[in-house]
Amino acid sequence: MAASVVLERSFTELSAAERQLKRNFRDLSLRPDVTPVIGGPKYSESAGGYYYKESSNLLAATRNRFLYWTSIGDTLELVEESLDVNLLNNAIRLKIFNCAILPGGVHVCETQSNVIILLLTNLTVHRLVLPHPSRLYRSEVITESQMHSILTDVGKMNYNDPANSYVIPPLPGRSLSSTATAAWLSSEGETLFAFPSSSGGILVVKMPPCGVSGAVTVVELKQMSVRRLLSGFIPTAIRGDQDPTHLPVSLAVHCLENDAFIFALCLDHKLRMWSYKDQTCLMECDMLEFVPVSKEMRQITGIGHKLRLAHSASIGVYLGVYLHSPRQGQFCVFQLVTVDSNRYSLDHVSSLFSNQETLIDFMFTLTTTDIWALWLDEENQTIVKHINFENNQAGQWNQVFINPLPEEELTIGDEQDPRETYLEYLFLPGRFTIPALLKALQIYHRGAGKLQDLSWEELKKEVTVIVENDLHSHVIDYEMDQDEFRQLQVESWLKFYTCCLQYQEELSRPLALVLHPYSSMVCLLRKGFVSFLAPCPLVDHLYLLPTENLLTEDESVISDDVDLASDTIFLMQCLRMIGDSITVDMEYMMEWACCHQEPPERVADQMLEELIANDVENVMEDINNKLQDIRNPFLAIGNLLREMDYETSLDIDQTMDVGQPLNVRMNLSSLYGSTTAAGIVCQAICKISVTRFLICRDLLILEQLLLRMGDMVFAGEGQLLQTQQEHIPRTANMLLSYYVIRWSSQCVASAIPLDTLDSNLQHLSVLELSDSKSYTPVNKYSSGPQTILEVFFQDVARKRLSQIFARYGAAQTHTPLSWAQLITDITTYLLQHLWPGNPGFLFPECLMRSCQYTQLQEYVRLLQPWCQVNAGSCLFMMGQCYLVTGEGHKALECFCRAASEVEREDFLEKLIHVEEEDPPSSARLQYYNRVLRLLEAVGLKEQVIQLATLAITETADDLKSQATLRTLIFKYHLDLGHNSQAYDALTLIPDHSRQLDCLRQLVIVLCERSQLQELVDFPYVNLHNEVVSIIEARARAVDLMTHNYYELLYAFHIHRHNYRKAGTVMFEYGMRLGREVRTLIGLQKQVNAYLACLNCLRLIRPEYAWIVQPASGAVYERPGASPKRNHEGESPPVPSGSQVEILELQDLEKEYILARTRLTLAQHDNNAAAIAGSASAEEMVSLLVQAGLFDTAISLCQTFKLSLIPVFEGLSYKCIKLQNGGEAAQGEAWHWLAENQLSSIVTTKESSATDEAWRLLISYLEKYHSQNRRYHRCVIDKLLSHGIPLPSWLTISYKVGAIGSV
């Protein structure tokens, strides 16, 4: 089909209804000094709009920016809108007290510095001066997503300055019977207002320029000032008094450099042109001359006539005139022609006729030479049509498919919940405006106080609560039949729904059309919102056209092949007939099939069965007859499918033309960046998908019918089989594709908090997608609900619109933007991205990044199993959804199934495309590595183990990857407490360094968990020395009192019957305890360690019962110092010159006895533990003697073959101290006396501690003999040195001993 004609055919309405719960109008007021008119005319609600002069310029600050307003009574609501940026503070509500704003009484003028709003009321005129948008921004390039409107600071300006207002004088006064107005700026900056005077002329009020003081002047243009008669003028028109039929009913102004032409369409059907400068009527033309039958119109006044003006620098001034008559309306287009100096005439261009309906507004443009008209029919239905006034011989108006009002009553199936059904319908995007819902809630609330600050979800909950409360108020009986309750429920919801419907109908009332003179953008201004009119694709146009219009459609615009064009029209008629015959239940059948992955072909066949069975009006027979008129159904269907197919093998996102200047590229980056533009574009996608779904559905039924009819309807041999094998599957897939696109355009996005969004992006950063780090969501969900398609358009697709301009070339940036062309290209571009059959995968990727996982899961489900394109990527996305919902086992299954498509799909290819120094050997292995990182980030340890085990099968001879994967398996088995599996994985690691690291980790973790038995039991094949080295290193590196790796190493050697190693370990342990842990507990552990060492050596043969001890200072530099170790905690090797000492069993026994002696001393006196810890045998004897532990001291002396003289001297000294001491010394003596064993204990009352001490000394002298009585002599010397007389027993004992020796 010819694509070029798409822009010349029908249009469709795209609603830009505000989704904010409340538009923040700022209230302003003016109080002119006037008295309200009592009993005056009531003026209807009015609306209008203004596009900035440069709004179609790609590089302008005012691009795609415009103003629109509505007025009723004394109130004007003015809004500034932009399709590129979200404007802040962009709405004001101005109230002019005691006045009524005239319909059409708002005009906008634009200068380089200001935007001036001109207002005309029934009593006053006003001027509102605002800054120009280009003056608000310093930079020529606008890249922000939000900007301040020109209305932001209007409240701070002196908007109520008396110099900007003027009260219309009572004489001659304004005519009350006409609301015609005009306003403009002169070349000197003066502001002029024109309106009919009460005397039938035109009253012009002129204000001085803004900021310039001066008087306001008033001039009345009257018919008596005509100074020339032109051919065709009626001479009587200027004779006699002023005729009231000269009263203008519509005014228009064309500004010249030093003058202004005022055009007036009057009650007498005449069009007059005035020169304001000369205050003369330069031209008068009777419009009835162009009416075929004017006799009837001459009998009535032209109260319903309308006048519009358009100007082009290249072709001049054109006038559009609507002539109202009781039977039909007529549009006339004229060109103003200069005859000679100050002589003008009208050149009739075209006359077009329309059916008699109430014309609300009309506009025309010279860019496309189109007339656009807005009517209300007898049923108050909105009608918009357009027609080319130059090239339309048949006078055929083109349709604009207006959005219908929501259905008056919903059909609810038995299996459907009324509440869910109504809520879904009420809150479906684009169905009801939020003001309509709020109005209905206010009726139920009897007020609006608590409804001002509700979020979207809160509004839905509030509706539910209100209706449920209403329902319960009607439930009288506590017990009610389920069917009765359901009926009450339906009635309650229907009541609220009807209320919403009434307000929606009121807000949808059309008020005006706004037409851009250059971009040809057309807006339909309704009471509650603005709609944009976009071109309808030709396929949709043919399907939606009424039957009578379809029959008269020009075949040349469909295809250059006349036969194919004719067949297409007949085919469309058949599809329309099928569509009109389908019942609600049959529609639901197909919807259900698409949602639940049922084959559409089978459902279409069932629907055909029902159509044939219930064909009361012989529709199927008519379809059969119509099919006979199609010459080649196979080609017609194939052509139709090609037109609806957006599958393309080309790269959708081709590289942008780098030759474009930077400012051009920067300006393109903000194109259509507002939420309004997103809503419009996505609604266009929704409309196309809805229509195409119906076309595919009806086509699928028709194809089933063709199969039943057999070869008789096909032109060529084999076409029946081709239809069955090619067309039907392709139609079914296309039906499902449009179903998915329609779903995405209606599915509301979840409101995600920014912290959750940031957390999600950090979580996805492990995927290292090329642009994930720079991804910044535009959508903040602050302006009300958005569909997931709008999120995608704003966050992703819109930023790539520069690709469209890259195809146009550099010349396009300097030509005015064409709305029709641009919206068509953007929707096509977006549909190509959304088309499931294309390789692009940006849409689901955007859903993943935007945290829309519920919607993403449903999207993938709808694509399975019929869509084979990006099947692996869809499985990956489904796995990602399962990760978020905590279903790790399902996620792993999806990830594994997606692996087979790694090198076939762009998204998976991008996923594994990472610059690494030594990448894995295969693409699939790279994919597994990426998924493993994702699973690790989520913390799914079991799934990491399973996937790593699977990935090992892809490693082949890649030992590095094997080592990495087996290390992962070991790590997470260990984390999960699977110690045996962790050990098994450890033994299979091919990299020895990694293996040692894992072995070290195994030892540390099992020790921390106190799972020592398992640690000791592992066989450690080929790893025995390594594990011993690791445990030794850990033992020497950590605090002895925190982790006792020595005991672990001892158990390790004992388990393997290596007793000498075990003894060596415990001896080292004991040595370190003596040096580093000088406490009672440390001494106890040292004694136990030495005892364990002795036990080990006693278990082996005597000749092997020895150990090696490094020489003093080899292990420890100084007593009590921490051992010096390397970074791995191991002792440095012994220097080659070191001496080595062999410790045999008797040496170890001595060390044991010494340690036990230290413990005995510490147990007797806790304060002595720090000193005794490193004391030698000689020092210990002194310490024991001081503590009174004489038995222990003697035993130690005997073990180490030391002299007992220090013992006898110490005991002698204590006896001396006791003999000279008081009772306190006597009491303390009993403590140490008790620690020594006396030969006999005297318990008589006369016995004292002193006596017992002397008896202990006597017993020692008797028990331990010495050569030459040395012990006796040392005692005697000690006593005599302290002046103590020698006891008789000592003298006798010494003498007896001496004689005996002689």
Side-chain angles (χ1 to χ4, degrees), residues 1149-1150 1153-1154 1156-1165 1168 1172 1175-1221 1225-1244 1246-1302:
E1149 289 175 345
K1150 287 183 180 181
I1153 292 173
L1154 179 60
R1156 192 178 62 188
T1157 302
R1158 293 168 179 156
L1159 177 61
T1160 302
L1161 177 61
Q1163 289 173 337
H1164 178 76
D1165 182 7
S1176 63
E1178 291 83 357
E1179 293 170 341
M1180 280 301 302
V1181 171
S1182 300
L1183 294 173
L1184 291 170
V1185 169
Q1186 291 177 14
L1189 302 177
F1190 296 103
D1191 283 351
T1192 306
I1194 292 173
S1195 176
L1196 184 61
C1197 290
Q1198 290 175 337
T1199 301
F1200 285 89
K1201 295 181 175 56
L1202 302 176
S1203 172
L1204 296 179
I1205 289 176
V1207 178
F1208 284 98
E1209 287 182 349
L1211 182 56
S1212 299
Y1213 181 73
K1214 282 191 176 291
C1215 290
I1216 295 169
K1217 295 291 288 182
L1218 283 173
Q1219 188 169 325
N1220 297 331
Q1226 293 286 326
E1228 291 178 1
W1230 285 110
H1231 294 292
W1232 60 264
L1233 284 171
E1235 299 293 334
N1236 298 282
Q1237 294 184 357
L1238 296 175
S1239 58
S1240 61
I1241 299 177
V1242 179
T1243 59
T1244 59
E1246 289 79 11
S1247 177
S1248 65
T1250 305
D1251 296 337
E1252 290 301 316
W1254 285 111
R1255 288 184 67 247
L1256 182 62
L1257 179 59
I1258 294 170
S1259 66
Y1260 285 163
L1261 289 173
E1262 292 176 350
K1263 185 174 181 181
Y1264 301 108
H1265 302 282
S1266 62
Q1267 189 176 5
N1268 299 324
R1269 314 295 285 175
R1270 287 188 301 132
Y1271 300 153
H1272 285 76
R1273 281 202 299 257
C1274 78
V1275 172
I1276 292 170
D1277 291 344
K1278 195 70 173 178
L1279 293 176
L1280 292 177
S1281 66
H1282 285 80
I1284 301 299
L1286 298 177
S1288 57
W1289 60 266
L1290 178 60
T1291 306
I1292 295 171
S1293 175
Y1294 178 73
K1295 290 179 178 179
V1296 172
I1299 294 173
S1301 62
V1302 174

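Atom set for the values below is all heavy atoms of this structure, side chains included, hydrogens, waters and symmetry mates excluded.
- Remark: L1183 CG to L1196 CG distance equals 10.5 Å, nearest 0.5 Å.
- Scanning for ring-ring contact (aromatic ring centres under 6.0 Å, His included) contacts around H1265 gives an empty result, with sequence neighbours left out.
- For T1192, the side chain to side chain contact (heavy atoms under 4.5 Å, CB included) criterion is met by T1157, T1160, L1184, L1189, not counting sequence neighbours.
- Contacts of Q1163 classified as side-chain hydrogen bond (donor to acceptor under 3.5 Å, both in side chains), with partners at least two apart in sequence or in another chain: none.
- A 6.0 Å sphere centred on NZ of K1217 holds no more than 12 heavy atoms belonging to other residues, nucleotides or ligands.
- The side chain to side chain contact (heavy atoms under 4.5 Å, CB included) test applied to S1176 returns E1178, E1179, not counting sequence neighbours.
- To the nearest 0.5 Å, the span separating CG on D1277 from CD on E1209 amounts to 8.5 Å.
- Under the side chain to side chain contact (heavy atoms under 4.5 Å, CB included) criterion, Q1198 pairs with I1194, Y1264, sequence neighbours left out.
- Residues forming a salt bridge (Lys or Arg N to Asp or Glu O under 4.0 Å) with E1149 (at least two apart in sequence, or on another chain): R1098.
- With sequence neighbours excluded, the residues forming a side chain to side chain contact (heavy atoms under 4.5 Å, CB included) with C1197 are V1181, L1202, L1204, V1207, listed by chain and number.
- Side-chain atoms of L1279 and P1287, non-hydrogen and from C-beta on, do get closer than 4.5 Å to each other.
- Identified under the ring pair (Phe, Tyr, Trp, His ring centres under 6.0 Å) test for residues 1180-1201, with sequence neighbours left out: F1190-W1232.
- In this structure, CG on L1257 lies 7.5 Å from CG on L1290, to the nearest 0.5 angstrom.
- A heavy-atom distance below 4.5 Å is not found between the side chains of L1218 and C1215.
- Put simply, the side chain of E1252 reaches to within 4.5 Å of the side chain of W1230, judged on heavy atoms.
- For the side-chain contact (heavy atoms from CB on, under 4.5 Å) with L1154, the qualifying choice from R1156, R1158, K1150 is R1158, the only one to do so.
- V1185 has its side chain out of reach of L1211: every pair of non-hydrogen atoms, C-beta onward, lies at least 4.5 Å apart.
- Judged as a ring-ring contact (aromatic ring centres under 6.0 Å, His included), and not counting sequence neighbours, the contacts of Y1213 are H1282.
- Here the CD1 atom belonging to I1205 is positioned 4.5 Å from the CZ atom belonging to R1270, to the nearest 0.5 angstrom.
- Formation of a donor-acceptor pair under 3.5 Å by the D1165 side chain with backbone atoms of A1162 is not found in this model.
- Separating the SG atom in C1274 from the CZ atom in R1269 is a distance of 11.5 Å, to the nearest 0.5 Å.
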